[in-house]
Amino acid sequence: FLQKINQHRISNTQQYLPFRVDLASTPSSSSSQRVNNNNINNIKPLVGWVTPAFASQLNKFPNVFQVGESEVVLSNRYSSYDSRTDAVHNVVTSLAKQGIITGWRDEYYRVCDNYLSFQANLLFQIERAAALHFGVTTYGAHLNGYVSRNGRPVEIWIGRRSKKKTRYPGKLDHIVAGGVPVGMSPLETLIKESMEEASIIRSLAEKSICTGTIAYQKHGTHSLNSGVIFQYDLQLSEDFSPLNLDGEVSEFFRLDIPSCMDLVSD
């Protein structure tokens, strides 16, 4: 079980190029630009990782990206949140039209000046489908919905992802799981997704307890999936039965916890 989990822990990134944002010309105190770090001048914070193949695609947009042998940098000509967002969006849209980026979602993720900090300064936002290609850290809110007997958890609800999902179709998942978009907190995301995915009403979802975070990286052929999951636990009653409302879950079933661990290890 633990070996399976460890396969997706943070690992080396030697086969990727660092993706940085040049903030050299960005004023250090401007709330309108959403960048407030007093030492932000003349630095290039690491915000992601790209494959050499994807870097060659970005090299076709020299006004936006400076592509070198050792790194890819978002140009400092874009000195605000909005201008960076617009510049990256135009490139991503062009690459999507060429079929290089697929699975467009019209959902946007945060890109910050600290690679693994949800609370860091927001630099720009990026379409969810493109986040993988840039290797930026994405955030998710996942729920363990469990049933207790005699004061201890004994069973857990599992969902099966719809076969229509772009990623991991038909695979097993938490009872509730969703990406945290720009403008929402992990808990807000969890409450929203709980109703959409499992018909867990707000008053019940608000009782979820955050038990920590899990950071992971998964190496793909053309990208690096780098993420942090905010993990929540929620005790559900014996007679609770989840009902999916958004078409993203094909079925639910309840397993004893040892059986669930066996599924993960397989």
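The structure presented is a predicted model; accordingly, all values stated were derived computationally and were not measured.
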Where [X] and [Y] come nearest, the two heavy atoms and their spacing:
X	Y	answer
Val136	Ile126	CG2-CG2, 4.3 Å
Thr189	Gly178	CG2-O, 4.1 Å
Leu143	Ser208	CD1-OG, 3.7 Å

Do [X] and [Y] land in one hydrophobic cluster if side-chain heavy atoms of ILVMFWY residues count as linked below 4.5 Å?
X	Y	value
Met184	Val176	no
Val91	Leu74	yes
Leu132	Tyr139	no
Leu255	Leu172	yes
Ile158	Leu263	yes

Which residue pairs pass the salt bridge (Lys or Arg N to Asp or Glu O under 4.0 Å) test when at least one of the two sits in [range], sequence neighbours left out?
range	result
residues 125-148	Glu107-Arg128
residues 170-182	Arg161-Asp173
residues 185-201	Lys192-Glu196
residues 205-215	Arg202-Glu206

Partners meeting ring-ring contact (aromatic ring centres under 6.0 Å, His included) with Phe240 (sequence neighbours left out):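 Once residues adjacent in sequence are excluded, Phe240 has no partner under the ring-ring contact (aromatic ring centres under 6.0 Å, His included) criterion.
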Who passes ring-ring contact (aromatic ring centres under 6.0 Å, His included) against Phe230, sequence neighbours left out?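 Expected list: Phe118.
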Side chain to side chain contact (heavy atoms under 4.5 Å, CB included) between Leu46 and Phe19, worked out: CA-CA 6 Å; Leu46 174 69; Phe19 171 41; 5.5 Å; no
Who are the side-chain hydrogen bond (donor to acceptor under 3.5 Å, both in side chains) partners of [X], not counting sequence neighbours?
X	answer
Ser199	none
Asn225	none
Asp239	Ser237
Gln98	Ser94

Under 3.5 Å, which donor-acceptor pairs do the side chains of residues 53-68 form with other protein atoms, sequence neighbours left out?
unit_1: Ser56; atom_1: OG; unit_2: Ala53; atom_2: O; d: 2.5
unit_1: Gln57; atom_1: OE1; unit_2: Lys60; atom_2: NZ; d: 3.0

Does the pair Tyr232 and Leu187 meet the rule for a side chain to side chain contact (heavy atoms under 4.5 Å, CB included), with working shown? CA-CA 9 Å; Tyr232 292 81; Leu187 181 57; 3.8 Å; yes
Okay, side chain of [X], backbone of [Y]: is any donor-acceptor separation there less than 3.5 Å?
X	Y	value
Glu238	Val147	no
Arg254	Trp157	no
Thr102	Gly99	no
Ser226	Gln217	no
Thr213	Val228	no
Ser117	Asn114	no
Arg110	Asn121	no

Quick one: list whatever passes salt bridge (charged side-chain N to carboxylate O under 4.0 Å, His left out) with Glu69, sequence neighbours left out.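 For Glu69 there are no salt bridge (charged side-chain N to carboxylate O under 4.0 Å, His left out) partners, ignoring immediate neighbours.
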Residues Ser148, Tyr146; criterion side chain to side chain contact (heavy atoms under 4.5 Å, CB included); working and verdict: CA-CA 7 Å; Ser148 286; Tyr146 66 91; 3.2 Å; yes
Go through it in stages, so that I can follow the logic: the residues are Asp256 and Ser259, the test is side-chain hydrogen bond (donor to acceptor under 3.5 Å, both in side chains), and I'd like the CA-CA distance, side-chain angles, deciding distance and then a yes or no. CA-CA 6 Å; Asp256 62 84; Ser259 296; 2.9 Å; yes
Does Arg152 CZ have over 12 foreign heavy atoms under 6.0 Å away?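 Counting neighbours around CZ of Arg152, 12 or fewer heavy atoms of other residues, nucleotides or ligands fall under 6.0 Å, so no.
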Centres of the Tyr16 and His219 rings: under 6.0 Å?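 Yes.
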Going by the salt bridge (charged side-chain N to carboxylate O under 4.0 Å, His left out) test, name the single residue among Lys165, Arg167, Arg160, Lys164 that passes it with Glu248.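 With Glu248 as partner, salt bridge (charged side-chain N to carboxylate O under 4.0 Å, His left out) holds for just one option, Lys165.
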